[in-house]
> 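Supplied in structure tokens, the structure appears directly below.
So that the names make sense, note that chain A is the first sequence line, chain B the second, and so on, each numbered from 1. All values derive from a computational prediction rather than experimental measurement.
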Amino acid sequence: MIEVKDLHYSYSKQEAPVLNGLDLRIEPGQWLAVVGRNGSGKSTLARCLNGLFLPESGSVLVDGMDTAEESMLYPIRERVAFVFQNPDNQLVATSVEDDIAFGLENLGIPREEITDRVEQALSVMRLADKRDKPPHLLSGGEKQRVAIAGAIAMASTYLVLDEPTAMLDPLMRLEVIDSLTRLHREQGLTIIYVTNIMEEVLLADRVVLLDQGRVAKDCTPAELFSDPAYLIEQGLDVPQISYLAGRLADAGYESLRGALAVDELADRLCRI
Amino acid sequence: MLKEKLLLGQYYPADSPVHRLTASCKILVTIIYMVALFVADDWLGWGLLAAVGLAAVLISKVPFKAIWRGMKIIVIFCVLTFLLNLFMYPGDHVLLTLGRFRLTAEGLTYGLAMALRLFMLVVFASLLTLTTTPIQLTDGLETLLKPASRIGVPAHEIAMMMSIALRFIPTILEEFDRIVLAQRARGADLKQGNIAQRVKNFVPLLVPLFVAAFRRADDLSQAMEAKCYRGGAGRTRWKVVKWQSRDTVCLALFLLLLAGAILERVL
Ligand SMILES: Nc1ncnc2c1ncn2[C@@H]1O[C@H](COP(=O)(O)OP(=O)(O)O)[C@@H](O)[C@H]1O
Ligand SMILES: [Mg+2]
């Protein structure tokens with residue numbers, strides 16, 4: 001479990017704090033979406049979860065380990081893997097398999113075990129035929145999958161992704177999302193998914209909306225989308241179906257509120 | 001585009017005894033060969049070394065064309081070196097007088113020798129990069145520097161820096177090409193005007209490139225930290241190339257060559 005307690009963080013003394021008393025508990029096995037307008041502190045929060053940024057006050061505990069304790073930093077980062085937004089800037093090594101091995105090398109894992117784990121990560125992420133490719137010859141989606149493979153190889157239990165598909169085209173986006181859903185389902189990986197794409201929020205069990213460095217709403221995707229006016233106020237997109245359902249509900253068809261998919265809305269409409 | 005013009009990653013894949021040598025062995029041999037070139041001081045030595053260099057090229061199965069591609073500028077240097085020595089080297093046996101310049105036999109010999117040394121030096125060095133992948137080179141360098149890390153040479157860090165540079169050079173060149181296209185699309189004319197103007201036209205290309213590079217550096221350092229990177233101590237090296245007996249033999253042969261060159265000079 002990751003427990004964030006009364007977390008404060010600011011980049012400089014002069015400016016207002018970016019995270020301002022944020023509380024959050026993330027249970028293992030969850031898929032949590034984190035949304036909020038630009039500048040609401042999503043990326044900052046994400047970087048606090050694996051100790052890249054340390055709390056100014058308050059605390060972040062990963063399975064009981066405090067990120068503020070220096071000796072805990074590496075065990076924490078082993079458990080909490082991170083996938084960044086820009087696919088180009090997070091692959092370190094000159095080939096796919098070397099990049100997957102990078103984290104394992106850092107942990108000082110014996111050579112034979114690295115070979116096994118890299119092999120397994122390659123096969124899980126279906127990258128075996130790309131193993132020798134240099135990163136600059138991969139597509140954006142493949143780069144993100146390599147980054148995810150690195151996390152699997154480290155046997156992380158939590159995977160934090162900061163808008164991993166923001167720079168990808170729709171097809172590659174599906175590719176990445178597919179592998180994530182598979183990992184979540186088959187290996188029970190806990191996923192903390194920062195995004196501003198509302199279709200992706202629908203994948204989550206739970207969604208947290210950040211506003212001015214605090215959790216403004218903590219609910220299911222269905223609940224979040226049942227209030228289009230609030231979403232717009234928070235600077236978020238509203239999925240078209242939710243928008244339609246919301247407008248109809250406001251006009252008196254209360255049973256339609258919160259419909260997320262076309263089929264669902266059609267079903268409910270038929271029952272009126 | 002720029003990427004093709006720069007001779008980067010010019011590795012020439014082939015299956016040859018030279019390719020199979022360990023990178024650290026090849027680096028050592030290259031250094032020894034270079035030293036020998038400059039220790040040798042008569043045509044017997046230079047001829048022998050040139051023959052060894054030629055033999056290495058033949059054994060490596062790298063076609064002359066591939067070597068030649070990287071040598072064009074160097075040949076100009078060789079010719080310049082030759083001419084400079086030809087006319088400037090002091091000597092008594094005058095062959096020809098051209099106005100104020102005297103062409104001497106010593107100058108001719110020395111000029112030819114210098115040009116040949118320079119030429120062979122570059123041929124041999126390019127053979128190293130042609131038969132060794134950049135990453136093997138980096139690894140080899142780390143292996144060689146490892147003993148020096150005890151006296152404070154950051155061996156692992158140097159190798160890591162080289163490998164990151166290798167990883168990002170293609171990415172940054174791609175970015176540069178993109179910026180050039182973007183500026184052209186806005187009507188920037190990069191090929192017009194005198195040198196000063198061209199340099200000035202270049203500034204709008206370099207600024208975004210540097211901004212992006214610093215951003216990248218920042219992102220990458222976070223990515224490395226997130227993957228528990230903490231320098232070389234306690235770190236496994238996954239792929240280690242083992243020093244083979246053929247490396248020992250090769251190294252011994254070149255040491256012999258160097259010893260011969262030294263003896264010849266001293267005696
Ligand atoms: N490296 C930084 N230095 C200074 N301020 C920053 C830095 N990164 C982000 N900020 C500021 O912190 C706030 C929150 O940023 P961020 O966590 O990136 O938000 P989000 O990911 O939700 O868009 C923004 O106002 C942003 O300007
Ligand atoms: Mg962000």
Side-chain angles (χ1 to χ4, degrees), chain A residues 43 46-47 49-53 70 73-95 97-118 132 134-138 143 147 150-151 153-154 156 159-160 162, chain B residues 1-3 8-9 11 13 132-139 142 156-157 159-178 211-242:
Chain A
S43 300
R47 282 162 176 74
L49 297 180
N50 68 346
L52 278 179
F53 294 172
E70 209 168 323
L73 223 42
Y74 294 105
I76 287 174
R77 287 179 188 161
E78 203 177 334
R79 239 171 254 216
V80 185
F82 206 106
V83 175
F84 295 82
Q85 176 171 4
N86 190 331
D88 267 328
N89 298 358
Q90 58 182 315
L91 305 187
V92 183
T94 40
S95 77
E97 58 175 8
D98 285 333
D99 194 80
I100 297 174
F102 179 74
L104 303 174
E105 291 181 299
N106 293 338
L107 294 175
I109 287 170
R111 235 170 259 153
E112 300 73 41
E113 195 183 334
I114 295 185
T115 308
D116 291 346
R117 290 217 214 166
V118 168
D132 291 322
H136 68 101
L137 295 183
L138 299 175
K143 283 178 209 166
M154 296 204 16
S156 308
L159 183 55
V160 181
D162 188 4
Chain B
M1 299 262 104
L2 188 62
K3 208 159 73 188
L8 288 162
Y11 176 67
T132 322
T133 63
I135 199 69
Q136 287 169 345
L137 271 181
T138 311
D139 265 6
E142 182 169 1
H156 165 76
E157 282 71 16
M160 181 57 83
M161 266 162 52
M162 278 180 58
S163 121
I164 288 175
L166 289 168
R167 148 80 184 86
F168 278 93
I169 284 169
T171 310
I172 288 174
L173 290 182
E174 253 168 44
E175 183 150 56
F176 182 75
D177 284 339
R178 236 187 352 258
V211 170
F214 281 114
R215 225 210 126 80
R216 261 182 225 294
D218 203 25
D219 282 4
L220 193 69
S221 69
Q222 280 197 8
M224 289 170 74
E225 264 187 66
K227 284 191 172 172
C228 303
Y229 180 72
R230 53 195 131 163
R235 190 169 190 272
T236 317
R237 276 174 76 192
W238 181 35
K239 288 182 183 158
V240 198
V241 195
K242 281 237 168 65

> Quick one: pull up CD in B:Glu175 and NE2 in A:His136 and give me the separation to the nearest 0.5 Å.
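NE2 of A:His136 is found 14.0 Å from CD of B:Glu175.
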> Give a yes or no answer on whether the side chain of A:Arg111 reaches the backbone of B:Arg237 with a donor-acceptor pair at less than 3.5 Å.
yes
> Apply the test side chain to side chain contact (heavy atoms under 4.5 Å, CB included) to residues B:Lys227 and A:Leu104: give CA-CA distance (whole Å), side-chain angles for both, the deciding distance (0.1 Å), then the verdict.
CA-CA 8 Å; B:Lys227 284 191 172 172; A:Leu104 303 174; over 6 Å; no
> At their closest point, which heavy atom of B:Arg235 faces which heavy atom of A:Asn106, and how far apart are they?
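What the structure gives for the nearest pair is NE-OD1, 2.5 Å.
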> Of all of A:Pro134, A:Ala93, A:Gly150, which one pairs up most often with chain B through heavy atoms under 4.5 Å apart?
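Ranked by contacts with chain B, first place is A:Ala93.
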> Nearest 0.5 Å please: distance from the CG atom of B:Asp219 over to the CG atom of A:Asn86.
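Here the rounded value is 6.0 Å.
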> Answer with side chain, backbone, both or neither: which region of A:Phe102 has an atom nearer than 4.5 Å to a non-hydrogen atom of chain B?
both
> For a quick test of reading the model, state the closest non-hydrogen atom pair linking A:Asn89 to B:Ala223 and the distance between them.
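That would be O-CB, 4.2 Å.
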> Below 4.5 Å from any heavy atom of chain B, which atoms of A:Ser156 appear? Answer side chain, backbone, both or neither.
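Contact with chain B: none, neither part.
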> Tell me the closest heavy-atom pair linking A:Leu91 and B:Leu220, and the distance in Å.
O-CD1, 3.9 Å
> Take a 6.0 Å sphere around CZ of B:Arg215 and say whether it holds more than 12 heavy atoms from other residues, nucleotides or ligands.
no
> Can you measure from CZ (A:Phe82) to CD (B:Glu225) and round to the nearest 0.5 angstrom?
12.0 Å
> So which heavy atom on A:Tyr74 is nearest to which on B:Tyr229, and how close?
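Shortest heavy-atom contact: OH-O, 3.9 Å.
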> Can you tell me which portion of A:Val118 sits under 4.5 Å from chain B's heavy atoms? Options are side chain, backbone, both or neither.
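Interface part for A:Val118: side chain.
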> If you measure from NZ on B:Lys239 to CD on A:Glu97, what distance do you get to the nearest 0.5 Å?
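One finds 3.5 Å between NZ of B:Lys239 and CD of A:Glu97.
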> Side-chain contact test, heavy atoms from C-beta onward, threshold under 4.5 Å: evaluate it for A:Thr115 versus B:Trp238 and give yes or no.
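They are in contact (side-chain heavy atoms under 4.5 Å apart), so the answer is yes.
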> What closest approach, in Å, do B:Arg167 and A:Asp88 show between heavy atoms, and which atom pair accounts for it?
NH2-O, 2.8 Å
